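Order of the sequence lines fixes the chain letters, A, B, ..., with proteins taken first and strands second; residue numbering starts at 1 for each chain. Everything numeric in this text was worked out from a predicted model, so none of it was measured.
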Amino acid sequence: MMLLVRLSLRNLFRQKRRNVLLGSAMALGIMILIVANSFSHGISDIIFNKIMPYVAGHVAVRFNEKGGVMAEIFRDKARALAAVANEPLIERTDESVGFFMRAIGNGKADNIILVGADTTRGVSKKELKELEESFKMVDGTWKDLETTAVENAAILSTDKARYLNVKKGDVLRIRFRNMFGQDQAARLNVVGIVKNSNIFMQSVVFVEQRRAKDLLGYRSYETASLNLRIKNPQKNSRIIADRIHSRLKPGLAYIQGTVSNKNKEQTVVVFGYKSDDDSKEKFSKKLKITDGTLENALKKNGVVLCRPLARALGAAAGDEISLRYDRKFEPEPARFACKVSAVCEPTEGLGENVVVMNDDKFYNVYYESLPKNDDATPPAYLPKEGDAWYALLSPEWILLKRTANTDEYTKKYKEMGKKKRKSTLIDVSTMYETASDILKLEGVLNLITLSAVLVLFFIILLGVVNTLRMTIRERTREIGTIRAIGMQKNDVRNMFVLETFFLTVFSAAAGVVGGFAVMGLLKQMTFNMSDNPFGMLLVDSHLHFVPTVLGVLGNVLLIVLVAVLTAYFPARRAANLSPANALRHYE
Amino acid sequence: MNIIEIKGLKKDYPLGNTVVKALRGIDIAVEEGEFMSIVGPSGSGKTTLLNVIGCIDFATEGSVKVGDREITVLNDRQITDIRLNKIGFIFQTFNLIPVLNVIENVEFPLLLMKNQSRTEIRRRADRLIGEVGLTEFAEHRPAELSGGQRQRVAIARALVTNPDIVLADEPTANLDSVTGAAILELMKEMNRIEKTTFVFSTHDANVLKYARRIVKIKDGLLSDN
């Protein structure tokens with residue numbers, strides 16, 4: 001083998017000019033391939049490692065109360081956090097507090113996105129580096145967000161500050177409708193200005209997270225959607241998302257409390273019933289109304305009592321009863337009054353001291369003041385999964401099914417938008433699902449590059465075949481000699497294949513070096529694209545290339561393989577020459 | 001003992017639409033250790049006969065035995081092994097490998113045999129280069145040698161494997177008379193030292209005085225033995 005290697009290498013350097021020209025063409029092709037692949041991989045890196053983790057995390061647990069896009073709230077923060085706790089693969093859990101609002105500066109007004117920045121938690125060196133790559137402080141520091149010397153300290157982008165005509169020390173007035181539909185106004189004090197080349201981040205105004213939550217109306221035990229940063233996200237995101245999803249399976253929503261009417265009190269369990277048409281039809285079939293009407297029972301504010309409960313309370317259809325129950329997070333009990341729409345016969349599987357109300361009304365009460373149910377001793381007649389009643393009663397929330405890609409994700413949200421939701425929707429997704437189109441884009445870019453380079457390589461490979469044919473023709477007598485001396489056919493074939501192999505490997509090495517040099521040069525160029533959406537594809541106003549070992553080796557291996565396969569057939573023809581004929585050959 | 005036995009050897013070449021009958025029924029036997037010359041004019045069939053004996057061309061008809069093996073029934077791999085192990089070649093145009101230097105050219109057949117250590121190979125090659133008087137040119141490439149020196153390298157390469165037979169096709173045709181005489185002296189000396197059978201072709205009458213046996217060939221037939 002060493003003999004063949006030595007012969008191949010020496011023969012390669014025999015026709016220097018010809019091989020240098022051919023090798024240069026190959027190196028150019030590999031260089032283009034590596035630069036293009038690194039660029040498209042860089043786009044994915046920006047999206048998946050520099051934008052998405054900050055905007056939506058590697059995994060997002062999204063809460064939308066009553067399906068409201070703006071109502072990103074879950075009323076039991078501890079429970080939400082419990083679902084993501086004890087996961088060593090989760091590096092960081094952040095609340096995603098963000099809200100569109102109108103800001104009025106000095107004589108100018110514009111829309112902004114108020115974003116809560118959690119400055120109380122430390123950031124790793126890596127995070128700090130990434131933060132500084134995306135946001136360069138022009139005036140002030142991130143620490144200034146924590147100041148209590150001014151009301152609602154805020155940091156905004158240079159572009160937004162210019163447009164609103166404000167600078168550090170100025171006041172911004174904001175107006176917005178919060179997630180509960182209330183119109184609000186507040187003042188933000190500008191404590192810092194930050195430069196950002198991403199057009200989509202220019203509308204963002206940062207406020208310390210606790211203050212942002214206060215402004216938006218969150219209470220201390222409520223949480224916004226959660227963004228999770230995962231170790232090795234590409235490998236682990238789906239696993240973590242699936243695990244969290246399974247932990248967030250909802251149970252039935254119910255309230256343990258006391259109903260009173262005319263000085264009579266009864267301990268009850270209040271359920272909501274699903275008010276979609278299909279559920280209502282099944283629900284009405286189960287009811288045997290003894291007082292009031294089914295029509296009233298199915299209305300938005302429909303409340304149905306069981307006959308034994310109604311008798312014990314002395315209540316009839318049309319009476320106003322009041323409900324009292326302990327609240328989970330507040331010391332004072334919750335109280336509310338409602339009108340009995342109907343009384344029904346007890347039904348199997350539901351118990352007698354039960355109040356069932358339309359979920360529209362039920363969730364209003366339930367979410368506003370989560371009940372302090374005695375989870376240790378749940379009601380004996382609480383329907384179990386699989387029971388007929390279970391499917392008709394309101395769950396704690398609706399957990400959206402997991403999706404595999406952007407198409408499924410979009411379809412899921414489109415379907416969700418068609419229905420009016422009464423409960424909170426919870427969705428667990430990874431950035432690879434919400435932005436799988438970016439991965440597709442990377443794939444398409446790579447494919448386009450590869451196709452272009454393969455055309456180039458096809459031309460180059462014609463060169464390889466031609467060169468090899470010329471070489472074989474020139475060395476026909478030599479082939480005859482080595483065959484006459486005793487070299488086997490296979491060795492002759494391998495000698496020529498090895499020559500092409502070495503030529504391709506050396507060209508590939510030169511191409512890789514050239515590719516890195518070109519990327520280094522391109523990285524030095526500065527592009528001012530702050531007002532252009534393509535600016536998001538830059539890092540700190542520079543092109544971003546992410547070459548990967550696998551990508552570079554893959555490209556090199558592909559080219560080497562193609563070249564060797566191309567060389568194989570002329571080499572085999574050379575090996576099959578009869579020694580006598582080869583020795584007789586004269587140019 | 002006969003090292004080569006040929007009976008009824010015929011060799012035809014297709015040439016366009018016609019067939020050239022290069023050998024038309026040759027019977028010959030060569031004894032071990034002979035120093036034999038095949039003589040004949042150009043186109044008489046000398047090279048074809050040597051090629052068939054050297055297993056680099058195939059007989060159209062007849063029997064060819066090299067050593068005790070009938071070569072006409074062997075496959076390419078077996079034939080190549082015989083060329084490597086039993087036969088040494090000296091060509092009219094030297095046919096050295098231009099990218100290898102003198103010592104590497106001489107070592108080349110031994111490296112193909114793959115049955116000796118690097119040290120043994122180098123020692124054997126050095127000895128033969130010494131015997132052909134080219135020690136000081138061992139590191140030179142063929143392009144840096146004269147015609148005579150190249151042919152000496154070719155002789156060393158032919159002998160390095162200790163072959164049973166060395167076939168030389170007009171070994172002096174590309175050399176001046178003095179150098180040619182020296183080469184033939186060297187071959188004769190090698191025949192004496194190594195006890196190797198030498199068969200060489202020539203059409204030069206001056207060369208014949210070196211041969212111990214002369215076989216004349218004309219129009220593809222032996223005319224005198």
Side-chain angles (χ1 to χ4, degrees), chain A residues 1-19 467-468 470-496 498-500 502-503 571-587, chain B residues 11 13-15 22 47-59 75-101 104-114 118 121 141-143 154 157-158 160-161 163 166-167 169:
Chain A
M1 189 64 188
M2 282 309 294
L3 177 68
L4 292 184
V5 169
R6 192 173 0 150
L7 275 174
S8 305
L9 284 173
R10 294 217 186 145
N11 281 325
L12 191 62
F13 290 105
R14 211 158 138 190
Q15 293 292 341
K16 276 187 200 138
R17 187 178 297 174
R18 187 192 294 165
N19 285 331
T467 303
L468 205 58
M470 269 159 48
T471 305
I472 289 166
R473 194 176 168 81
E474 284 166 6
R475 298 204 328 237
T476 302
R477 281 174 60 77
E478 217 172 295
I479 294 167
T481 304
I482 55 177
R483 288 280 289 133
I485 290 172
M487 187 181 263
Q488 294 287 356
K489 273 182 185 179
N490 288 352
D491 288 338
V492 175
R493 182 199 64 208
N494 293 345
M495 187 178 75
F496 282 103
L498 271 174
E499 254 182 78
T500 308
F502 284 124
L503 176 65
R572 194 178 62 172
R573 207 174 311 127
N576 284 336
L577 280 172
S578 136
N581 288 340
L583 283 167
R584 273 194 291 269
H585 177 86
Y586 282 97
E587 273 293 299
Chain B
K11 175 70 185 174
Y13 287 114
L15 188 70
T47 302
T48 305
L49 180 58
L50 281 180
N51 283 350
V52 173
I53 296 170
C55 306
I56 54 178
D57 213 345
F58 301 99
N75 63 26
D76 185 79
R77 179 165 283 277
Q78 292 166 323
I79 291 270
T80 308
D81 277 339
I82 287 182
R83 285 202 298 267
L84 179 62
N85 295 295
K86 305 276 183 200
I87 300 165
F89 286 95
I90 301 167
F91 300 97
Q92 179 182 339
T93 48
F94 326 126
N95 291 21
L96 299 178
I97 300 164
V99 292
L100 301 180
N101 63 25
E104 287 167 338
N105 262 291
V106 176
E107 284 175 345
F108 188 76
L110 292 176
L111 291 169
L112 290 178
M113 290 170 93
K114 298 172 191 165
R118 280 291 307 166
I121 289 171
R141 290 268 176 107
R157 182 179 68 184
V160 77
T161 56
V166 171
L167 301 172
D169 187 12

Q: Against chain A, work out which of L84(B), V99(B), L111(B) has the most heavy-atom pairs shorter than 4.5 Å and name it.
A: V99(B)

**Q.** Nearest heavy-atom neighbours spanning I56(B) and A580(A)
**A.** O-CB, 3.1 Å

Q: Indicate yes or no: at least one non-hydrogen side-chain atom of F496(A) is less than 4.5 angstrom from one of T500(A).
A: no

**Q.** Least distance between heavy atoms, P109(B) atom then V160(B) atom
**A.** CG-CG1, 3.9 Å

Between chain A and chain B, are any donor-acceptor pairs under 3.5 Å, and how far apart is each one to 0.1 Å?
unit_1	atom_1	unit_2	atom_2	d
R6(A)	NH1	E104(B)	OE2	3.2
R10(A)	NH1	V99(B)	O	3.0
R10(A)	NH1	E104(B)	OE1	2.5
R10(A)	NH1	E104(B)	OE2	3.3
R10(A)	NH2	E104(B)	OE2	2.8
R477(A)	NH2	T93(B)	OG1	2.5
R477(A)	NH2	N95(B)	OD1	3.2
T481(A)	OG1	N95(B)	ND2	3.1
R483(A)	O	R83(B)	NE	2.9
R483(A)	O	R83(B)	NH2	3.0
R483(A)	NH1	T80(B)	OG1	3.4
R483(A)	NH2	D76(B)	OD1	3.0
R483(A)	NH2	D76(B)	OD2	3.0
Q488(A)	NE2	R77(B)	O	3.3
Q488(A)	NE2	D81(B)	OD1	3.3
A580(A)	N	I56(B)	O	3.3
R584(A)	NH1	Y13(B)	OH	3.2

**Q.** Contact class of L100(B) relative to chain A, heavy atoms under 4.5 angstrom
**A.** both

Q | Pairwise side-chain contact, V166(B) with I87(B), heavy-atom cut-off 4.5 Å (strictly under) | A | no

Q. Looking only at heavy atoms, which two atoms of C55(B) and I82(B) are closest? And how far apart?
A. SG-CG2, 3.8 Å

Q: Measure distances from L583(A) to the heavy atoms of chain B and classify the residue's part below 4.5 Å as side chain, backbone, both or neither.
A: side chain

Q. Where does L3(A) contact chain B at under 4.5 Å (heavy atoms): side chain, backbone, both or neither?
A. side chain

Q) Tell me, side chain or backbone of F91(B) under 4.5 Å from chain A's heavy atoms, or both, or neither? A) side chain

Q.
Measuring only between side-chain heavy atoms, which start at C-beta, is L110(B) closer than 4.5 Å to F108(B)?
A. no

**Q.** G88(B) versus P163(B), closest heavy-atom pair with distance
**A.** N-CB, 3.6 Å

**Q.** Pairwise side-chain contact, F502(A) with L9(A), heavy-atom cut-off 4.5 Å (strictly under)
**A.** yes

